[in-house]
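To keep things clear, I will list the structure first and then write my remarks on it.
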Amino acid sequence: MWKTAELPAATAQLAWSIALDVALALVVIAGFSLLAAGHSLALAVLVGGFVALVLLAVWWWMRAALGTSAGHALLGLRTVARSTGMPAHPFTGARATLNVRKGSDPLRLVPAVIELAPPTRVPQRFSSPDLELHFDDGSRHIVRGVIVVGRAPQVSSRSQRPVAVPDFSRSLAPTHVRLEPNFEGVLVTDLGSVAGTWAFAGGDPQRLQAETAVTVPFGTVLALGSRRVRLGRPGATGTGVAA
C-alpha cells in the first residue's frame, strides 16, 4: 500500500529541478532560433515559439505520465500524487516530490518474498470423465465422455460414444438413453424409448421422463427395457447387477 511516510521527501530540490528544466529549454529554444535567424528574424521568432510549445508539451507529458522531467532525472526526483503514489497532471491535487536515489521509487517494482500457507488436503473427488457400465450379463464397458446406449445407437456428434447392447426381446430401443458422467454423478436422458428408462438408487424405482436430463448418483442401476446396467466409476468397488 502507498504510504508517503515510507518515501523520503525532497521538496527542497524541486526549485532546482524547475530551474534546470527552464535552463535546458532556453538552451534548446535559443539553438533552434539562432539556426533560423540566418534566414530572417521573423522565422527565428516563429521557430522559437514552436520549439517552446513542443518542449512544454513534452515536459507536461513526462510529468503527468512518469512523474519526471529532465531536471527531475538529473537530480533523481519523482513527483507523484500523495493520494495514490502515482504520477498525475502537474499542479492538480496534493503532490509529493521524492528523492528516489535515496528512498523508494513508487514506480519501481521490487520483488518480495511471499509466504504461502501449506496446502490443505481435500477429499479426493472423481475427476475422470470415464464411466463404467456393468450390464446384467456380466459384460463391462469403460467409456469416456458422453455415451449413447441402445441396440444400434446413433450418435449426433463426434464427441459421443455409442455402446451397442444385445437385446433379443427388442425392448431396448435402437437409441435408448444418453449418459453424461460429471462430478456429482451421471446425467441420464431417456431418448424417447417406448419401454422407458427406470432408475434404482436404493429406493423405489423411478421412471425418467423422456428427453429430460436427470442426475443420478454413481452406483445407480438403470432398467433399459428388459436389460439392466449399473453406472459406476472405473476402479470403484461395487456389487454386480441382478439379471
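Atoms considered below: every heavy atom in the structure, side chains included; atoms not considered: hydrogens, waters and symmetry mates. Positions are given from 1 along the sequence.
For the pair L98 and V80, the minimum side-chain heavy-atom distance is below 4.5 Å. For the pair S17 and S69, the minimum side-chain heavy-atom distance is below 4.5 Å. Residues L179 and V149 have side chains in contact (heavy-atom distance under 4.5 Å, counting atoms from C-beta outward). Side-chain atoms of L208 and V188, non-hydrogen and from C-beta on, do get closer than 4.5 Å to each other. Side-chain contact between V163 and V143: present, with at least one pair of heavy atoms (C-beta onward) separated by less than 4.5 Å. A heavy-atom distance below 4.5 Å is found between the side chains of R63 and H72. Between L133 and I147 the shortest side-chain heavy-atom distance falls below 4.5 Å.
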> D190 and Q209: side-chain contact (heavy atoms from CB on, under 4.5 Å), yes or no, with the steps?
Replying inline: CA-CA 7 Å; D190 182 271; Q209 185 176 352; over 6 Å; no
> How far apart are the C-alpha atoms of T68 and L77, what are their side-chain angles, what is the distance that settles it, and do they pass the side-chain contact (heavy atoms from CB on, under 4.5 Å) test?
Replying inline: CA-CA 7 Å; T68 188; L77 306 180; over 6 Å; no
>> For L55 and V28: C-alpha separation, side-chain torsions, deciding distance, then whether side-chain contact (heavy atoms from CB on, under 4.5 Å) applies.
In response: CA-CA 9 Å; L55 292 176; V28 174; 3.9 Å; yes
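Rounding to the nearest 0.5 angstrom, the gap separating the CH2 atom in W59 from the CD1 atom in I18 is 7.0 Å. The OG atom of S226 sits 11.0 Å away from atom CZ of F168, with the distance rounded to the nearest 0.5 Å.
We find that E132 and R233 are not joined by a salt bridge, their nearest charged nitrogen and carboxylate oxygen being 4.0 Å or further apart. A salt bridge is defined here as a Lys NZ or Arg NE, NH1 or NH2 lying under 4.0 Å from an Asp or Glu carboxylate O, and D130 with R144 meets this definition. With respect to R227 and D137, a salt bridge is recorded, a charged nitrogen being found less than 4.0 Å from a carboxylate O.
Pairing each heavy atom of S171 with each of H176, the nearest pair is O-CE1, 4.2 Å. Shortest non-hydrogen contact noted between A65 and P87 is O-CG, 3.6 Å. When all heavy atoms of H141 and F135 are compared, the closest pair comes out as CD2-CE1, 3.5 Å. When every heavy atom of A210 is checked against every heavy atom of G192, the shortest pair comes out as CB-CA, 4.0 Å. For the pair V146 and E180, the tightest heavy-atom approach, listed with the atom from each and the gap, is CG1-CG, 3.8 Å. Taking each heavy atom of A199 and V216 in turn, the nearest pair found is CB-CG1, 4.5 Å.
The number of heavy-atom neighbours closer than 6.0 Å to CZ of R170, taken from other residues, nucleotides and ligands shown, is 12 or below.
Here the options are V229, L172, L224, the test is side chain to side chain contact (heavy atoms under 4.5 Å, CB included), and the partner is V165; only L172 passes.
With sequence neighbours left out, R161 forms a salt bridge (charged side-chain N to carboxylate O under 4.0 Å, His left out) with no residue at all. Considering only residues two or more places apart in sequence or on other chains, P205 meets the side chain to side chain contact (heavy atoms under 4.5 Å, CB included) condition with W198, F200.
Panel note: side chain R228, backbone G225; a donor-acceptor pair is recorded below 3.5 Å.
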